[in-house]
Amino acid sequence: MSLFIDQKSVNQFLTSINGIEITLKREDLLHPTVSGNKFRKLKYNLRQAQAKGYHTLLTFGGPFSNHLAATAAAAKIEGLKSIGIVRGEEARKLNPTLQFCKDQGMTLHSISRLDYRLKSQVQLIDQLQHQFGNFYLIPEGGSNALAVKGCKEILTEDDSHFDLIACSVGTGGTLAGLIDSALPHQKVVGFSALRNQTLETEIKKWTANQNWSLNHDYTFGGYAKVSIPLIEFINTFNKNFKTPLDPVYTGKLLFGIFDLIKNRQWHSDKKILIIHTGGLQGIEGMNQKLTQKKWPKIIV
Ligand SMILES: *Cc1c(COP(=O)(O)O)cnc(C)c1O
């Protein structure tokens with residue numbers, strides 16, 4: 001399935017709690033391998049790469065990155081080569097995410113955390129160009145102006161009756177697209193999945209609209225950190241609504257929203273649209289870690 005068709009995802013009404021109606025937009029079902037918001041973020045970047053005559057994409061990510069997996073799959077579909085620069089030495093062992101990337105034909109190259117921190121710097125890019133030849137560079141997490149443009153296609157005219165749009169936030173590119181495309185009467189709230197105090201500033205680089213806010217209360221200690229109550233919430237949610245959530249982003253988002261509504265911390269907005277941004281490929285790798293810790297697993 002090409003990435004370049006105009007895709008619309010289905011809305012799934014979940015439930016009504018304390019008079020608030022909750023609906024989930026199933027972006028996770030957009031595409032079998034290029035999941036959720038990563039489909040939106042890659043669409044115009046791949047078009048641009050092809051229009052400019054590139055044959056190779058290069059990008060960065062952690063060993064469990066949804067973005068790496070989606071880039072590998074998208075490149076394969078579009079007949080492009082892909083190179084994934086993976087953070088940390090442990091990436092030399094292939095976990096399920098990296099195995100998937102490899103199976104899609106991605107060349108994986110792991111670098112130390114220190115080098116990785118220098119990743120946006122010219123020197124490292126020069127070095128990679130020397131090593132791999134010319135490539136179209138997609139930043140970590142895939143967020144740039146073209147990604148924001150793609151994320152503006154998440155909301156459609158059918159969504160105009162919602163008061164509030166909620167989404168999980170990593171780099172903020174997806175949220176910026178939602179902020180830009182929301183209607184004047186709609187508010188957008190992002191739930192941060194990681195601890196990053198500069199997120200507000202980052203998002204303001206992509207959008208001038210002011211109809212939005214960030215919630216930092218449901219990070220569960222940081223990126224990819226989980227707790228037993230979070231895992232239990234994800235499993236109960238799946239049992240009740242027949243809908244899987246990922247532990248890094250959407251699980252924390254739904255946990256946060258249900259928590260706020262149940263504790264009556266949610267006041268004015270009556271009709272909420274929550275974006276299911278996907279990320280389900282990460283469950284297998286997370287379950288391996290949970291098994292090592294002898295914690296409950298995510299039921300799939
Ligand atoms: C990458 C990702 C996000 C975060 O998107 P940003 O645009 O980086 O904020 C949210 N949810 C899922 C499932 C993701 O894979």
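For ligands, and for the atoms within them, numbers begin at 1 and follow the listed sequence.
Short contacts between ligand 1 and V169, defined as distances under 4.0 Å to a heavy atom of the residue, involve ligand atoms 9 (O). Within ligand 1, the atoms closer than 4.0 Å to a non-hydrogen atom of G278 are 13 (C), numbered from 1 in the order shown. Interface of G173 with ligand 1, defined as ligand atoms under 4.0 Å from a residue heavy atom, comprises 7 (O), 9 (O). Ligand 1 places these atoms under 4.0 Å from at least one heavy atom of G279: 13 (C).
Results of the side chain to side chain donor-acceptor pair (under 3.5 Å) test with S9 over H31, E27, R40 single out E27 as the only residue that passes. Put simply, the residue from T156, D159, T23, D158 that forms a side chain to side chain donor-acceptor pair (under 3.5 Å) with N11 is D159.
Taking every heavy atom of both residues into account, E21 and S16 meet most closely at CG-OG, 3.8 Å.
In terms of protein heavy-atom proximity, atom 11 (N) of ligand 1 is nearest to T277 OG1, 2.6 Å. If you check which protein heavy atom lies closest to atom 14 (C) of ligand 1, you get K38 NZ, 2.8 Å.
Look at K41 and you'll find a heavy atom under 4.0 Å from some atom of ligand 1.
Taking the charged nitrogens against the carboxylate oxygens, E153 and K8 have no contact shorter than 4.0 Å, which rules out a salt bridge.
Contact annotation: for N66 versus ligand 1, heavy atoms closer than 4.0 Å belong to the side chain alone. Residue contacts with ligand 1 for N37 involve side-chain atoms from C-beta outward but no N, CA, C or O (heavy atoms, distance under 4.0 Å). No part of H67 comes within 4.0 Å of ligand 1, judged by heavy-atom distances.
Ligand 1 has no N or O atom lying under 3.5 Å from any N or O atom of T250, backbone or side chain. For a threshold of 3.5 Å applied to N or O pairs, the pair formed by Y249 and ligand 1 contains no separation below that value. At least one N/O-N/O distance between G170 and ligand 1 falls below 3.5 Å. Geometrically, ligand 1 and T174 share a nitrogen or oxygen pair separated by less than 3.5 Å. Not one N or O of G141 is nearer than 3.5 Å to an N or O of ligand 1, by distance alone.
In this structure the side chain of I228 reaches within 4.5 angstrom of the side chain of W295, judged on heavy atoms. The shortest side-chain heavy-atom distance between L214 and V189 does not fall under the 4.5 Å cut-off. Looking only at side-chain heavy atoms (C-beta outward), S192 and L199 come within less than 4.5 Å of each other.
One option in L280, T171, I275 has a heavy atom closer to atom 8 (O) of ligand 1 than any other, and that option is T171.
D246 places a side-chain N or O within 3.5 Å of a backbone atom of V248 that can act as its donor or acceptor partner.
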